[in-house]
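Notes for the one structure printed next.
Fair warning: this is a prediction, and the values are worked out from it, not measured in the lab. Numbers here are sequence positions counted from 1. Read the numbers this way: they start at 1 and go in the same order the structure lists the ligands and their atoms.
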Amino acid sequence: MNRLDGKVALISGAARGIGAATARLMAEAGAKVTIGDLLDERGRETAAAFEGLYVHLDVTQEADWTAAIAAAVERFGGLDILVNNAGVFLGKGIEEASLDEWHRLCAVNLTGVFLGTKHALPALRERARQSAHGSAIVNLASVAGLVGSQNDPLYSMTKGGVTLFTKSAALEFARKGYRIRVNSIHPGLIETDMGQQTFVARARNVGTNDIEAARQVALERHPIGRLGQPDDIAKGIVFLASDDSAFMTGAGLVIDGGSTAQ
Ligand SMILES: NC(=O)c1ccc[n+]([C@@H]2O[C@H](COP(=O)([O-])OP(=O)(O)OC[C@H]3O[C@@H](n4cnc5c(N)ncnc54)[C@H](O)[C@@H]3O)[C@@H](O)[C@H]2O)c1
């Protein structure tokens with residue numbers, strides 16, 4: 001199950017967190033993995049651990065995408081899997097957020113997903129012709145792309161966009177006969193650097209510095225009794241990238257400890 005032998009993957013924002021865990025699990029499952037990020041030193045260390053390739057990739061820059069995809073194709077001979085994982089969080093209310101902050105959030109969380117999808121398409125189509133079940137794109141949305149977020153409405157707006165872009169891209173590629181499946185992942189609160197940022201924002205929004213109390217509030221919203229770990233999400237991404245999810249496209253996989261079940 002969930003094997004990726006012979007597959008080539010590119011993961012954005014994978015120097016740390018969910019992306020780094022995904023890169024490691026994909027390599028363990030037999031894939032050749034390229035990771036891109038802004039954090040060059042951390043990214044090189046992450047890639048070295050599984051003999052992968054690191055490329056500098058700012059997902060908001062078209063030229064960076066072109067170069068990253070070319071580097072992955074040149075090193076590993078093609079591209080079967082794209083994971084649009086890079087994302088940023090704001091943690092401010094509508095009254096507090098500035099226009100510049102909104103533009104930055106959009107550039108990474110929305111423009112980055114559009115550019116990655118657009119520029120990976122030729123290489124993904126090429127490999128799809130030769131493989132049994134085609135190529136795969138996995139987009140990192142969020143539970144905040146399914147239900148509203150009282151702490152970060154602007155982040156929620158971008159992730160809602162990723163949710164519907166995923167479905168629309170799946171339909172467009174199916175209509176065109178490209179054999180590229182597109183699915184999204186919707187994590188609950190995961191203990192990464194971004195997870196930590198959400199506790200800080202939650203504390204600030206109620207006028208305290210009590211990060212531990214904010215963490216406790218987040219924990220209570222997860223009926224399963226714990227917060228998520230990067231591997232909880234990485235396992236779902238590997239599944240959506242593998243041929244075991246061959247009949248899934250335009251779907252959203254919710255991995256949230258029950259938080260949106262209530
Ligand atoms: N942690 C959570 O609770 C959570 C919940 C739901 C969804 N997500 C989503 O999962 C994804 C990964 O989040 P994470 O928790 O691992 O966060 P993280 O902050 O630990 O990692 C995000 C990575 O993206 C990189 N990045 C940021 N801007 C970039 C850019 N312009 N170009 C390239 N790379 C860039 C960062 O350098 C970092 O390495 C994000 O899309 C996030 O929105 C996270």
Enumerate the atoms of ligand 1 whose separation from the nearest heavy atom of [X] is less than 4.0 angstrom.
X      : answer
Asp193 : 20 (O)
Gly17  : 16 (O), 20 (O)
Ala86  : 24 (O), 33 (C), 34 (N), 35 (C), 41 (O)
Leu39  : 37 (O), 39 (O)
Asn85  : 11 (C), 12 (C), 40 (C), 41 (O)
Leu189 : 3 (O)
Gly195 : 1 (N)
Arg104 : 31 (N)

If only atom types and distance count, is the side chain of Trp65 paired as donor or acceptor with the main-chain N or O of Val59 below 3.5 Å? yes
Judged by atom type as modelled, is there a donor-acceptor pair below 3.5 Å linking the side chain of Asp37 to the main-chain atoms of Gly43? no
Based purely on interatomic distance, does [X] place a nitrogen or oxygen under 3.5 Å from a nitrogen or oxygen of ligand 1?
X      : answer
Pro187 : no
Thr60  : no
Tyr155 : yes
Ala14  : no
Gly36  : no
Val143 : no

Nearest neighbour in protein (non-hydrogen) for [atom]:
atom                    : answer
atom 17 (O) of ligand 1 : Met194 CB, 3.4 Å
atom 36 (C) of ligand 1 : Asp37 OD1, 3.5 Å
atom 29 (C) of ligand 1 : Leu38 CD1, 3.6 Å
atom 23 (C) of ligand 1 : Gly13 O, 3.2 Å
atom 27 (C) of ligand 1 : Val88 CG1, 3.9 Å
atom 2 (C) of ligand 1  : Ile190 N, 3.6 Å
atom 19 (O) of ligand 1 : Arg16 NH2, 2.9 Å

Check whether more than 12 heavy atoms from other residues, nucleotides or ligands sit under 6.0 Å from atom [atom1] of [X], and answer yes or no.
X      : atom1 : answer
Glu74  : CD    : no
Gln130 : CD    : yes
Lys32  : NZ    : no
Asp193 : CG    : yes

Heavy atoms of Ser259 and Arg221 approach each other most closely as CB-O, 3.3 Å
Heavy-atom pair with the smallest gap, counting every atom of Asp256 and His186: CB-O, 4.2 Å
Any [X] heavy atom less than 4.0 Å to ligand 1:
X      : answer
Ser12  : no
Lys159 : yes
Gly188 : yes

Applying the side-chain contact (heavy atoms from CB on, under 4.5 Å) test to Ile185, which of Val254, Leu140, Val162 qualifies? Leu140
Looking only at heavy atoms, is any part of [X] under 4.0 Å from ligand 1, and if so is it the side chain, the backbone, or both, or is it neither?
X      : answer
Val59  : both
Leu57  : backbone
Ala141 : backbone
Gln196 : neither
Asp58  : both
Thr192 : side chain

Do we get Arg44 above Tyr54's six-membered ring, with its NZ or CZ under 6.0 Å from the centre and within 45° of the axis? no
